[in-house]
J.: 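Let me give you the structure first, and then I'll get to my questions.
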Amino acid sequence: MTARLAIDGGPPVRATPLPYGRQSIDDADVAAVAEALRSDWLTTGPRVAAFERAFAEVAGVAHAVAVSSGTAALHATMHALGLGPGDEVIVPAMTFAASANAALYVGASPVFADVDPGTLLLTVEAAEARRSPRTRAIVAVDYAGQPCDYDALTTWATTHGLPIVADACHALGGALGSRPVGALATATTFSLHPVKSVTTGEGGMITTADAELAAAARRFRNHGIDTDHRQREARGTWAYDMVELGFNYRLPDVACALGESQLAKLDGWVARRGAIAARYDAGLAELPWAAPLEVRVGLRHGRHLYPIRLRAEHLRVGQAEVFAALRAEGIGVNVHYRPVYLHPYYQRRFGHQAGLCPVAEQAYGELLSLPMFPAMSDADVDDVLAALAKVGRAYGA
Ligand SMILES: *Cc1c(COP(=O)(O)O)cnc(C)c1O
């Protein structure tokens, strides 16, 4: 007996749709924000520094610089590394556009590298294939929350004198062995958007062991000015120097109050994401037409996303039909990501053609991200698995 799919008019597995990602806000978060709102500081007060200290501790590094988004974190890092026109930055094709856009913001050129077919992570081989005399940095993206092989990447990058920017927007709370994400690259960037591991509404963070890099990022977030107003107040002076061109990329105190409160719950959330992933893994083992990504051993996965790959040979329909059928069942699936260079802007500006990164392109045609957020119950996970089984009975080959 095959139950009629919701897309064909049958009853959906879920009456209330399950989103693919969602923030968790509790009373402690609300109280922390309320306290900040009643304080003297709405922006650039004591909570910025407190949040940065707490974040640096989680990331196992000396410096954390709070900024207004993950994109601002990437932009500030590109600037702090001194990248500019004529420079090339190697970026994996399988990422959110911001990873590459940041190179363009400083006048540098993103050069797209393919990814490993099992993990969809940047590899040394793929980066080496794109290295040129103009290469000045690489961006390593911890896709879905799995940390890249930073040992191999660092050995290679050091040989060529290249800094590594870790785009860890998916991977806060992850680790390689006992070394946390945030301490694995020259600089690491995080997003604090509501679907990410912890949130400040909008927000971002840069972590680094390099004091000068951190200072440059701090200037960049405040117009290129070398002190902030609290430092000037403490010194009893109005004078400041704008020493370079920066932006207003500051993260307000109110947002940092939320961030610090959220960060206290990170470990529990990452553990819950891991348990959800394990339940998905077990359920997917029953389905010939969908497979999880590979996970390397010896790491803690941040599990921002739970992507599956569709196996065309076991399906009578394509990705779009499976996507639409699952959405109709009330399962908020998504696709992460279209290879960046296939976006119209990149095609128009750089003339990139399909075929540049075949592994990423093939994956794009097969990927679906299943709902993944710590507040999901086991029953929610089972609804997703039930919807997958139902769709598989209708569409499986
Ligand atoms: C979310 C994300 C960003 C951008 O972060 P924002 O805070 O939305 O600006 C950059 N890179 C990756 C991989 C992301 O997932």
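Model, not experiment: these values are computed from the prediction. One-based numbering, in listed order, for ligands and for the atoms of each.
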J.: Looking at ligand 1, is there an atom of it that comes within less than 4.0 Å of some heavy atom belonging to Tyr337?
T.: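 Per 4.0 Å heavy-atom rule, Tyr337 contacts ligand 1.
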J.: In the protein, which heavy atom is nearest to atom 8 (O) of ligand 1, and how far is it?
T.: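 Nearest protein contact, heavy atoms only, for atom 8 (O) of ligand 1 is Ser191 OG, 4.0 Å.
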J.: For ligand 1, is there an atom lying under 4.0 Å from some heavy atom of Gly203?
T.: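 A heavy atom of Gly203 does come that close to ligand 1.
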J.: More than 12 foreign heavy atoms under 6.0 Å from CZ of Arg14: is that the case here?
T.: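 Yes - once you tally the heavy atoms of other residues, nucleotides and ligands closer than 6.0 Å, there are more than 12.
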J.: With heavy atoms only and a cut-off of under 4.0 Å, state how Ser69 meets ligand 1: side chain, backbone, both or neither.
T.: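 Both backbone and side chain.
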J.: Do the side chains of Arg179 and Leu184 get nearer than 4.5 Å, heavy atoms only?
T.: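 A side-chain contact under 4.5 Å exists here.
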J.: Quick one: which ligand 1 atoms are inside 4.0 Å of a heavy atom on Thr95?
T.: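 Answer for ligand 1: 13 (C).
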J.: Return the option from Asp167, Val195, Thr200 holding the heavy atom at the smallest distance from atom 13 (C) of ligand 1.
T.: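 Among Asp167, Val195, Thr200, the closest heavy atom to atom 13 (C) of ligand 1 belongs to Asp167.
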J.: Cation-pi check for Trp269 against Arg303: NZ or CZ below 6.0 Å from the six-membered ring centre and within 45 degrees of the axis, yes or no?
T.: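 Relative to the ring axis of Trp269, which defines the angle, Arg303 lies outside at least one limit.
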J.: Could you list all the ring-ring contact (aromatic ring centres under 6.0 Å, His included) pairs where at least one residue sits in residues 273-307, not counting sequence neighbours?
T.: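 Residue pairs with at least one partner in residues 273-307: His170-His304, Tyr280-Tyr306.
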J.: What protein heavy atom sits nearest atom 4 (C) of ligand 1, and how far off is it?
T.: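 Result: Thr71 OG1, 3.6 Å.
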J.: Considering only heavy atoms, does His304 approach ligand 1 within less than 4.0 Å through its side chain, its backbone, both, or neither?
T.: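 No part of His304 is near ligand 1 at this cut-off.
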J.: Indicate whether any N or O donor in one side chain lies under 3.5 Å from an N or O acceptor in the other, for Arg232 and Thr237.
T.: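 No donor-acceptor contact under 3.5 Å links the two side chains.
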J.: Roughly how far, to the nearest 0.5 Å, is the CD atom of Glu321 from the CG atom of Leu326?
T.: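 Reported value, rounded in 0.5 Å steps: 12.0 Å.
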J.: Within the 4.0 Å heavy-atom shell around His170, which atoms of ligand 1 are there?
T.: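 Near His170, meaning under 4.0 Å from one of its heavy atoms, ligand 1 has 13 (C), 14 (C), 15 (O).
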J.: Can you tell me how far the CG atom of Leu192 sits from the OG atom of Ser197, to the nearest 0.5 Å?
T.: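 The CG atom of Leu192 sits 9.0 Å away from the OG atom of Ser197.
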J.: Do Met372 and Arg273 pass the side chain to side chain contact (heavy atoms under 4.5 Å, CB included) test, and can you show the C-alpha distance, the side-chain angles, and the key distance before you say yes or no?
T.: CA-CA 7 Å; Met372 170 58 86; Arg273 287 175 180 273; 3.6 Å; yes
J.: Which ligand 1 atoms are under 4.0 Å away from a heavy-atom of Gly70?
T.: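 What qualifies from ligand 1 is 5 (O), 6 (P), 7 (O), 9 (O).
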J.: Provide, to 0.1 Å, the distance between atom 1 (C) of ligand 1 and the closest protein heavy atom, together with that atom's residue and name.
T.: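 Answer for atom 1 (C) of ligand 1: Lys196 NZ, 1.5 Å.
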